[in-house]
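Working notes, structure below.
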Amino acid sequence: MKYLFANWKMYLNLEESIVLAKKYLNLNLENTKMSVFTSAIAFNEVKNILKDSNINIGAQNIYWVEKGGYTGEISAQMYKDAGANYALVGHSERRHQFKETNEDVRQKLESVLNAGLIPVLCVGETKIEKDLGNTEKIVKEQICSALEGLKIQKELIVAYEPVWSIGTGYNCSPVIAEDMAKKIKNWIKEIGLDIEVIVLYGGSVRSENIKDYLSIAEISGVLVGGASAKFEDWKQIVENSKYN
Ligand code: PGA
């Protein structure tokens, strides 16, 4: 079973999201676990379009308080009530553009778990951190601060997404992605979490390179941004995911 997760980010307005969700219904989902992460404004419509399909839906971002005076925010519980299955937590665009700290990510992760959603914890180093040789230190910190001491019964999904490869067309070498996936699983074991961890790769995944990542045993799938918001690109990714 391969995970193909589609993060539509802020690429599509409501109408465009509806059109794309309807096209997704024609995809060949054999052996595939698919989830769409829509904008909040399209969430409900997209959920209704996908409701009789095997495609799940998730939140791109949540706030950790359940309810209250938090103008502009949407809680994990509200997404759960609205039919979400998953929530992205710690996406690099949240960490870097919106200055979310490891502590914020931890609070978000806890509230996602409390609401009964499956978290997709995103981790990854920036270009500077990579060039300084700090990739492992940074990613380990992100993993440990998010997960240490937590009790997780259900699935845990971690997306390794080097920040410098997101939306840039620069790919992380599959050898490094494999090494990081192994390390991520080990660090999670070391902090005493004895669960199956599903690791995805994200960052400029295209139809041309998807096989490189899916052929790695430690990597269970991909989290795709730009290419998932264009139907022909996504369809080709889905097709190419079948042959590895
Ligand atoms: P990208 O984004 O596929 O556009 O590089 C990946 C992500 O942000 O999850």
Side-chain angles (χ1 to χ4, degrees), residues 2-12 16-17 20 24 27 32-40 42 46 55-62 84-100 105 108-109 112 117-127 129-130 135 138-139 142-143 146 156-174 176-177 180-181 184 198-214 216 219-241:
K2 297 291 177 201
Y3 287 71
L4 300 183
F5 279 11
N7 176 9
W8 292 355
K9 306 192 182 187
M10 206 179 73
Y11 290 128
L12 308 169
E16 291 160 341
S17 303
L20 185 59
Y24 266 43
L27 293 167
T32 302
K33 236 182 204 231
M34 192 174 289
S35 183
V36 172
F37 297 83
T38 69
S39 66
V46 171
I55 304 175
N56 286 308
I57 189 160
Q60 291 184 9
N61 177 44
I62 57 93
N85 309 93
Y86 298 96
L88 300 182
V89 181
H91 190 278
S92 79
E93 285 153 13
R94 301 295 321 170
R95 290 181 191 265
H96 298 286
Q97 293 163 8
F98 299 96
K99 308 286 174 252
E100 284 186 9
V105 171
K108 290 189 172 198
L109 189 75
V112 163
L117 296 170
I118 297 169
V120 181
L121 172 63
C122 304
V123 296
E125 79 287 359
T126 63
K127 170 94 170 64
E129 289 162 349
K130 173 167 121 35
T135 297
I138 293 294
V139 175
Q142 291 172 342
I143 291 282
L156 172 65
I157 303 177
V158 177
Y160 172 58
E161 301 199 295
V163 179
W164 49 269
S165 80
I166 294 180
T168 57
Y170 292 113
N171 292 114
C172 176
S173 100
I176 292 176
M180 288 306 292
I184 286 167
I198 290 151
V199 177
L200 312 182
Y201 170 77
S204 295
V205 173
R206 305 277 182 271
S207 59
E208 299 82 21
N209 60 27
I210 183 149
K211 289 183 206 168
D212 300 341
Y213 299 108
L214 293 187
I216 300 167
I219 293 180
S220 304
V222 288
L223 176 57
V224 182
S228 73
K230 298 183 198 109
F231 184 68
E232 286 311 316
D233 291 359
W234 187 236
K235 188 175 165 209
Q236 204 52 55
I237 285 177
V238 175
E239 286 308 313
N240 289 4
S241 75

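Note that the structure is a prediction, hence the values are computed from the model and not measured. Both counts, for ligands and for their atoms, begin at 1 and track the order of listing. Start at 1 with the first residue, then count along the sequence.
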To check your reading of the model: name the closest protein heavy atom to [atom], its residue, and the distance in Å.
| atom | answer |
| --- | --- |
| atom 9 (O) of ligand 1 | Glu161 OE2, 2.6 Å |
| atom 6 (C) of ligand 1 | Gly225 N, 3.5 Å |
| atom 2 (O) of ligand 1 | Lys9 NZ, 3.1 Å |
| atom 4 (O) of ligand 1 | Gly226 N, 2.9 Å |

Point to revise | Glu129 and Trp164 side chains, donor-acceptor separation under 3.5 Å | key: no
Exercise for review: Without swapping roles, check the side chain of Asn240 against the backbone of Ser207 for a donor-acceptor pair under 3.5 Å.
Suggested key: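 Yes: the side chain of Asn240 pairs with the backbone of Ser207.
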Point to revise | Backbone of Glu100 reached by a side-chain donor or acceptor of Arg95 within 3.5 Å | key: no
[X] N/O under 3.5 Å from ligand 1 N/O:
| X | answer |
| --- | --- |
| Glu93 | no |
| His91 | yes |
| Val224 | no |

Under 4.0 Å from a heavy atom of [X]: which atoms of ligand 1 are those, numbered in the order shown and with their elements?
| X | value |
| --- | --- |
| Gly203 | 5 (O) |
| Gly167 | 1 (P), 4 (O), 5 (O) |
| Ser204 | 1 (P), 3 (O), 5 (O) |

Point to revise | Residue pair Gln60, Trp8: steps toward the side-chain hydrogen bond (donor to acceptor under 3.5 Å, both in side chains) verdict | key: CA-CA 9 Å; Gln60 291 184 9; Trp8 292 355; over 6 Å; no
Review point. Given the rule in the side-chain hydrogen bond (donor to acceptor under 3.5 Å, both in side chains) test, do Lys33 and Asn56 qualify, once you have shown the distances and angles that lead to the verdict?
Key: CA-CA 8 Å; Lys33 236 182 204 231; Asn56 286 308; over 6 Å; no
**Study point:** Non-hydrogen side-chain atoms of Leu200 and Ile219 separated by less than 4.5 Å
**Key:** no
Check your understanding: Out of curiosity, is Ala227 lining ligand 1, as in a heavy atom under 4.0 Å away?
Key ->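 Under 4.0 Å: no for Ala227.
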Point to revise | Tyr24 to Phe231 - nearest heavy-atom pair and separation | key: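 Where Tyr24 meets Phe231 most closely, the heavy atoms are N-CE1, 3.9 Å.
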Exercise for review: Report the distance from atom CD of Glu239 to atom CD1 of Ile210, rounding to the nearest 0.5 Å.
Suggested key: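 Nearest 0.5 Å value for the CD-CD1 distance: 11.0 Å.
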